[in-house]
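Worksheet: the structure to be examined is printed underneath.
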Amino acid sequence: MAFLMKSMLSNQVKNLGLGGGGEENKEESTPSDPAAAAGMTREEYEEYQKQVVEEKMERDAAFAQKKAERACLRVHLREKYRLPKSELDENQIQMAGDDVGLPEDLQKMVAEDQVEEEDKDSILGQLQSIQNMDMDTIKEKAQATFTEMKQAAEQKCCMM
């Protein structure tokens with residue numbers, strides 16, 4: 001019933017010309033040329049489109065470069081921690097080209113990590129880690145190891 005009333009009233013309003021038929025006028029008034037719709041000449045519109053395409057290409061190239069840098073970092077970390085390689089990362093690096101490297105701030109972080117690891121691997125680093133350990137824990141571990149060795153020796157040797 002509501003549909004019937006709406007269609008009857010809208011037809012009457014369109015016939016009176018009180019704004020009900022504006023949809024038809026809007027379709028006719030839109031220009032077919034996109035340059036005219038944007039308020040530009042044809043040359044200005046073409047130049048604008050060219051700039052838009054160039055900016056998009058620059059953004060895409062920068063994005064691909066960032067993705068390749070991240071992939072390079074992931075490859076570096078996988079090598080460092082001996083994790084399996086990812087083909088996706090290698091593909092991203094190849095797509096960006098051979099000039100991909102770690103960003104400067106990440107290179108500094110990697111260098112600092114290497115220095116810290118070298119310090120920990122040295123004798124002085126081991127001594128410092130021993131100083132941080134609890135002496136009671138060290139004594140307990142040493143006594144447990146000694147008793148285990150003694151029991152193993154007693155089982156193997158009939159003289160003891």
Would you give the length of the straight line joining atom CD of Q92 to atom CD of E90, rounded to the nearest 0.5 angstrom?
11.0 Å
Any chain of hydrophobic side-chain contacts (each under 4.5 Å) joining M40 to V52?
yes
How far apart are the closest heavy atoms of P84 and R78, and which atoms are they?
O-CD, 2.9 Å
Could you state the interatomic distance from CZ (F146) to NZ (K139), rounded to the nearest 0.5 Å?
16.0 Å
Between E46 and K50, is any pair of side-chain heavy atoms under 4.5 Å apart?
no
For the NZ atom of K67 and the CG atom of D89, what is their distance to the nearest 0.5 Å?
10.5 Å
Roughly how far apart are E69 CD and R74 CZ, rounded to 0.5 Å?
11.5 Å
Greater than 12 external heavy atoms within 6.0 Å of E87's CD
no
Between Y48 and E44, is there a side-chain donor-acceptor contact under 3.5 Å, judged purely by atom types and distance?
no
Membership question, hydrophobic clusters at under 4.5 Å side-chain separation (ILVMFWY): are I93 and M95 in the same one?
no
May I ask whether L88 and L73 are part of the same hydrophobic cluster, defined by side-chain heavy atoms of I, L, V, M, F, W, Y residues being less than 4.5 angstrom apart, directly or through others?
no
